[in-house]
Amino acid sequence: MYKITKTFPERERFNLISQLNRAAVSIASNIAEGWGRESKNSYLQFLKISRGSLYETETQLIIVKELNLIEHKNLEKIFDLVNEEIRILNGLIKSLKI
């Protein structure tokens with residue numbers, strides 16, 4: 001995400017750039033924190049928080065698309081990756097609920 005937002009206009013530094021970077025970091029950080037708690041219930045809760053950050057990232061990317069801040073072809077690749085992460089995270093959450 002940092003590489004992507006590096007290409008955004010300077011005027012977005014404290015808005016979309018900051019929000020996107022924080023949300024993207026939050027995804028991995030919450031997965032790690034939940035795993036580190038060594039409790040299935042805690043892990044599941046942090047995975048759900050991570051999923052929330054992932055959907056937040058997706059929403060912000062939709063705004064990026066609407067504002068034409070990066071090339072369309074690059075953005076489609078990013079959306080494909082986000083959708084794959086959503087699928088993987090949802091599968092992991094589902095497997096832990098069983």
Side-chain angles (χ1 to χ4, degrees):
M1 194 57 63
Y2 282 86
K3 287 180 183 180
I4 295 163
T5 58
K6 192 175 187 180
T7 66
F8 287 10
E10 178 66 22
R11 70 179 184 273
E12 293 298 333
R13 190 168 98 199
F14 298 109
N15 297 312
L16 278 173
I17 292 172
S18 178
Q19 283 292 111
L20 271 166
N21 288 337
R22 280 198 316 265
V25 168
S26 178
I27 296 164
S29 297
N30 279 298
I31 293 170
E33 184 173 352
W35 179 256
R37 301 248 174 153
E38 297 182 0
S39 158
K40 181 179 173 180
N41 288 336
S42 287
Y43 187 38
L44 188 55
Q45 180 61 31
F46 277 88
L47 288 175
K48 290 177 182 179
I49 294 168
S50 180
R51 181 173 58 188
S53 294
L54 187 51
Y55 281 115
E56 178 183 357
T57 300
E58 180 184 44
T59 300
Q60 292 164 358
L61 287 169
I62 291 168
I63 294 167
V64 166
K65 181 179 181 179
E66 293 298 317
L67 295 175
N68 294 313
L69 293 179
I70 62 175
E71 284 187 38
H72 183 68
K73 68 178 182 173
N74 293 336
L75 195 53
E76 290 308 313
K77 291 177 187 176
I78 296 165
F79 276 116
D80 289 344
L81 290 171
V82 167
N83 288 324
E84 182 179 351
E85 287 181 41
I86 289 170
R87 184 185 56 75
I88 291 168
L89 201 49
N90 281 333
L92 180 55
I93 289 169
K94 185 178 178 180
S95 74
L96 291 170
K97 287 183 175 180
I98 297 173

**Message:** Going by salt bridge (charged side-chain N to carboxylate O under 4.0 Å, His left out), name the pairs with one or both residues in residues 45-56, residues two or more places apart or in two chains.
**Reply:**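 For residues 45-56, and leaving out neighbouring residues, there are no salt bridge (charged side-chain N to carboxylate O under 4.0 Å, His left out) pairs at all.
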
**Prompt:** Restricting to pairs with a member in residues 25-37, which pass salt bridge (charged side-chain N to carboxylate O under 4.0 Å, His left out), not counting sequence neighbours?
**Reply:** E33-R37

Using a 4.5 Å cut-off on heavy atoms from C-beta on, say whether the side chain of [Y] contacts that of [X].
X	Y	result
V64	I4	no
L89	Y55	no
L81	I78	no
I86	E58	yes

Just verifying a value: how many Å separate [X] [atom1] and [Y] [atom2], rounded to the nearest 0.5 Å?
X	Y	atom1	atom2	answer
I93	K97	CD1	NZ	7.0 Å
I88	N83	CD1	CG	11.0 Å
N15	Q60	CG	CD	10.5 Å
L20	Y2	CG	OH	10.5 Å
N68	L75	CG	CG	9.5 Å

**Request:** Could you pull out the closest heavy-atom pair between Y43 and W35, with the gap in Å?
**Result:** CD1-N, 3.4 Å

**Smallest separation among heavy atoms of K65 and F79, with atom names** = CD-CE1, 4.2 Å

**Request:** Establish whether I49 and M1 are linked, either directly or via other cluster members, by ILVMFWY side-chain heavy-atom contacts under 4.5 Å.
**Result:**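 The answer is no; the residues belong to distinct hydrophobic clusters.
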
Enumerate, atom names and distances included, each donor-acceptor pair closer than 3.5 Å involving a side-chain atom of residues 21-32, sequence neighbours excluded.
{"residue": "N21", "atom": "OD1", "partner": "T5", "partner atom": "OG1", "Å": "3.1"}
{"residue": "N21", "atom": "ND2", "partner": "T5", "partner atom": "OG1", "Å": "3.3"}
{"residue": "N21", "atom": "ND2", "partner": "I17", "partner atom": "O", "Å": "3.3"}
{"residue": "R22", "atom": "NH1", "partner": "S18", "partner atom": "OG", "Å": "2.5"}
{"residue": "R22", "atom": "NH2", "partner": "Q19", "partner atom": "OE1", "Å": "2.1"}
{"residue": "S26", "atom": "OG", "partner": "N30", "partner atom": "ND2", "Å": "2.9"}
{"residue": "S26", "atom": "OG", "partner": "S53", "partner atom": "OG", "Å": "2.9"}
{"residue": "S29", "atom": "OG", "partner": "V25", "partner atom": "O", "Å": "2.8"}
{"residue": "N30", "atom": "ND2", "partner": "S26", "partner atom": "O", "Å": "2.9"}

